[in-house]
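Okay, so here's the structure we're looking at.
Just the heavy atoms: all of them, side chains too, but no hydrogens, waters or symmetry mates, feed the values below. Note that the structure is a prediction, hence the values are computed from the model and not measured.
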Amino acid sequence: MLTRVARLYGKQDIKVETQDVRQAGAGEVLLRMASGGICGSDLHYYQDGGFGPIQVREPIISGHEASGYIESLGEGVSGLAIGALVAVNPSQPCGTCHYCKVGQPIHCLDMRFMGSAMRLPHEQGMFRDWLVVPAKQCFAFDGNSTPAEAACAEPLAVCLHAVAQAGDLTGRRVLVTGAGPIGLLTVAAARYAGAEEIVVTDLADAALSRAPAMGASRTVNVLTDPQGLAPYQEGKGVFDVVFDCSAAGPALRSAFAAVKPRGTIVQVGVTGDMTIPLNALVGKEIVWRGSQRFDQEFAQAVKLIASRTIDVRPIISHEFPLEKAVEAFEQAGDRSVACKVQITFGGSN
């Protein structure tokens, strides 16, 4: 059996090709893939050939946010049914290194993450019609969830993990900088966690227009209204927690100005080296904490999406069939209209 794949060769060089598909072995399942979301890292690979020290050094099948239908079960697989819609957890910690043993699999020394160019050989991703994957990476959806919604489990898991880094958000005032898919899902996760007020900033009206549906109290376009955050920066700042999902220097400086003394900034967005307002960090005794991927939050994300306790549909802006992968990536790069761009595969029901 053959499958089509979206294979990236380097900067702005992605091709739809075919390759063989093997049968599911022991402990594995064969999936008819349905939907896959283009992530910021996928886009960096396509637009720039990588980001920071992570560069595409050999052909790689893109995609780490995806859903599919179970076509067949390998020997010994239980708890999953043929025909079930599942989201695939792309994280594959080794389970034996020091960090795995102390309950920190996020920091696994031999982590394999689907669609990642961090390692050589690269870990191949999920933008394909058919995929064989370990059954333990599949999480089934109940109810009326669509493949598009199911494919949002991975980014929502990232955001649930980020929100967990901030502690109890009940009744808290929150600022989210950056209204891309991760920023918007962080808004939803923060609202679910009990935040009372959530202000969202971005440079694009199209991005901000989706924020109220995800739980934002107010939006500020800091390009057209550069003083829009000024009231929140008075008296040493008012926000209990800031989630920086932009990784942009100006946004981060605004975060340090708007967070209250002894408040927390959770760093979700990533970039290269940059200067920071160290005096504000020290003088206001700010806690600045990073957030890396997810662990148990993936299962939580599936439950929240399946019940529509968190409704991810407002962030899904475009869908393209696999044969139009280039157009999908080009669309994903246009933030004036695009949010979460997804690719659909031949395995859709």
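- The nearest pair of heavy atoms linking Ala140 to Val86 is CA-CG1, 3.8 Å.
- Considering OG of Ser35 and CZ of Phe127, their distance stands at 10.0 Å, rounded to 0.5 Å.
- The two residues Ala247 and Met274 come nearest to each other via the heavy atoms O-CE, 3.4 Å.
- Rounded to the nearest 0.5 angstrom, Cys100 SG and Leu109 CG are separated by 7.5 Å.
- Using a cut-off of 4.0 Å between Lys/Arg side-chain N and Asp/Glu carboxylate O, Glu197 and Arg218 are scored as not salt-bridged.
- A salt bridge does not link Arg173 to Asp240: none of the charged nitrogens lies less than 4.0 Å from a carboxylate oxygen.
- The side chain to side chain contact (heavy atoms under 4.5 Å, CB included) test with Asp129 singles out one residue from Leu322, Val21, Leu31, Leu2, and that residue is Leu322.
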Next item on the list: Applying side-chain contact (heavy atoms from CB on, under 4.5 Å), run through Val312 and Leu185 and close with a yes or a no.
Entry: CA-CA 8 Å; Val312 298; Leu185 290 173; 3.9 Å; yes
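- Proximity of Leu229 to Thr201: side-chain heavy atoms (C-beta onward) are separated by under 4.5 Å at one or more points.
- The number of heavy atoms from other shown groups lying within 6.0 Å of CD (Gln296) does not exceed 12.
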Next item on the list: Starting from the C-alpha separation in whole Å, work towards a yes-or-no answer on salt bridge (charged side-chain N to carboxylate O under 4.0 Å, His left out) for Arg253 and Asp244.
Entry: CA-CA 10 Å; Arg253 287 190 290 274; Asp244 178 42; over 6 Å; no
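- Nearest heavy atom pair, residue Val259 against residue Thr264, reads CG2-N, 3.8 Å.
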Note to self: As a quick check of understanding, evaluate side-chain contact (heavy atoms from CB on, under 4.5 Å) for Met114 and Val88, giving each step before the final call.
What the structure shows: CA-CA 10 Å; Met114 300 175 74; Val88 182; 4.3 Å; yes
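- Side-chain contact check for Thr18 and Arg128: no donor-acceptor pair (N or O, by modelled atom type) lies under 3.5 Å.
- For the residue pair Gln124 / Arg7, no side-chain donor-acceptor distance below 3.5 Å is found, with atom types taken as modelled.
- Under a 4.0 Å N-O distance rule, the pair Arg22/Glu28 qualifies as a salt bridge.
- Taking each heavy atom of Val220 and Gly228 in turn, the nearest pair found is CG1-CA, 3.8 Å.
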Next item on the list: Test Val174 against Val199 for side-chain contact (heavy atoms from CB on, under 4.5 Å), laying out the working first.
Entry: CA-CA 6 Å; Val174 170; Val199 177; over 6 Å; no
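- Between Leu160 and Phe294, the closest side-chain pair of non-hydrogen atoms is not below 4.5 Å.
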Next item on the list: Evaluate the salt bridge (charged side-chain N to carboxylate O under 4.0 Å, His left out) criterion for residues Asp202 and Arg335: first the C-alpha distance (whole Å), next the side-chain angles of each, then the deciding distance (0.1 Å), finally the verdict.
Entry: CA-CA 11 Å; Asp202 200 278; Arg335 292 196 72 242; 3.0 Å; yes
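- Within the 4.5 Å cutoff, the side chain of Pro314 has heavy atoms near those of the Met214 side chain.
- When side chains are defined from C-beta on, Lys303 does not count as touching Phe139, because their heavy atoms never get closer than 4.5 Å.
- Ser67 places a side-chain N or O within 3.5 Å of a backbone atom of Pro147 that can act as its donor or acceptor partner.
- For the residue pair Ala325 and Ala6, the shortest heavy atom distance occurs at CB-CB, 4.3 Å.
- Judged by distance alone, with hydrogens and angles left aside, the side-chain atoms of Tyr45 form no donor-acceptor pair with the main-chain N or O of Ile60 at under 3.5 Å.
- Note that NZ of Lys236 is 11.0 Å distant from CZ of Arg262, once rounded to the nearest 0.5 Å.
- Residues Ile265 and Ile286 have side chains in contact (heavy-atom distance under 4.5 Å, counting atoms from C-beta outward).
- For Lys340 (side chain) and Gly37 (main-chain N/O), no donor-acceptor pair under 3.5 Å exists by modelled atom type.
- Heavy atoms from other residues, nucleotides or ligands lying under 6.0 Å from CG of Asp168 number more than 12.
- Gln331 pairs by the side chain to side chain contact (heavy atoms under 4.5 Å, CB included) definition with His318, Phe320, Asp334, Val337, Ala338, Val341, not counting sequence neighbours.
- Taking 4.5 Å as the limit, some side-chain heavy atom of Glu58 sits within range of a side-chain heavy atom of Pro121.
- Under the 30°/60° scheme for interplanar angles, the aromatic rings of Phe256 and Trp288 are found to stand perpendicular.
- Checked for salt-bridge contact, Glu323 and Arg4 meet the test: a charged N lies under 4.0 Å from a carboxylate O.
- Residue Leu175 is not grouped with residue Val241 when hydrophobic side chains (ILVMFWY) are merged at heavy-atom distances under 4.5 angstrom, including chains of intermediate members.
- Annotation: cation-pi pair Lys260/Phe239 absent, no NZ/CZ under 6.0 Å from the ring centroid and within 45° of its normal.
- Interatomic distance, CD1 of Ile106 versus NE2 of His161, reported as 3.5 Å (0.5 Å rounding).
- Counting non-hydrogen atoms of other residues, nucleotides and ligands closer than 6.0 Å to CG of Asp142 gives a total of 12 or fewer.
- For Asn221, the side chain to side chain contact (heavy atoms under 4.5 Å, CB included) partners at least two apart in sequence or on another chain are Asp205, Leu208, Leu223, Thr224.
- Under the side chain to side chain contact (heavy atoms under 4.5 Å, CB included) criterion, Glu71 pairs with Leu30, Arg32, Trp130, not counting sequence neighbours.
- At least one donor-acceptor pair under 3.5 Å links the side chain of Arg191 to the backbone N or O of Gly215.
- Taking CD1 from Ile54 and OG from Ser41, the interatomic distance works out to 8.5 Å, rounded to the nearest 0.5 Å.
- For Lys11 (side chain) and Tyr46 (main-chain N/O), no donor-acceptor pair under 3.5 Å exists by modelled atom type.
- Looking at heavy atoms from C-beta onward, Phe329 lies in side-chain contact with Asp42 at the 4.5 angstrom threshold.
- Under the 4.5 Å side-chain heavy-atom criterion for grouping Ile, Leu, Val, Met, Phe, Trp and Tyr, Leu169 is connected to Tyr192 within one hydrophobic cluster.
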Check: Taking it one step at a time, do Val163 and Phe243 satisfy side-chain contact (heavy atoms from CB on, under 4.5 Å)?
Finding: CA-CA 8 Å; Val163 166; Phe243 295 96; 4.0 Å; yes
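- Aromatic ring pairs are classed by plane angle as parallel below 30°, tilted from 30° to 60° and perpendicular above 60°; the pair Phe51 and His44 is tilted.
- Side-chain contact, Gln137 with Asn89: no donor N or O sits under 3.5 Å from an acceptor N or O.
- Within the 3.5 Å criterion, the main-chain N or O of Gly178 finds no donor-acceptor partner in the side chain of Ser246.
- Remark: Ile14 CD1 to Gln12 CD distance equals 11.5 Å, nearest 0.5 Å.
- The backbone N or O of Gly269 lies less than 3.5 Å from a partner atom in the side chain of Gln267, making a donor-acceptor pair.
- Across every non-hydrogen atom of Cys97 and Cys108, the tightest pair is SG-CA, 3.7 Å.
- With a 4.5 Å cut-off on side-chain heavy atoms, Ser116 and His64 do not count as touching.
- The neighbour count for Lys324 NZ, taken as heavy atoms of other residues, nucleotides or ligands under 6.0 Å away, does not exceed 12.
- In this structure a side-chain-to-backbone donor-acceptor pair under 3.5 Å is present from Gln342 to Ala148.
- Here the side chain of Arg210 pairs no donor or acceptor atom with the backbone of Pro181 at under 3.5 angstrom.
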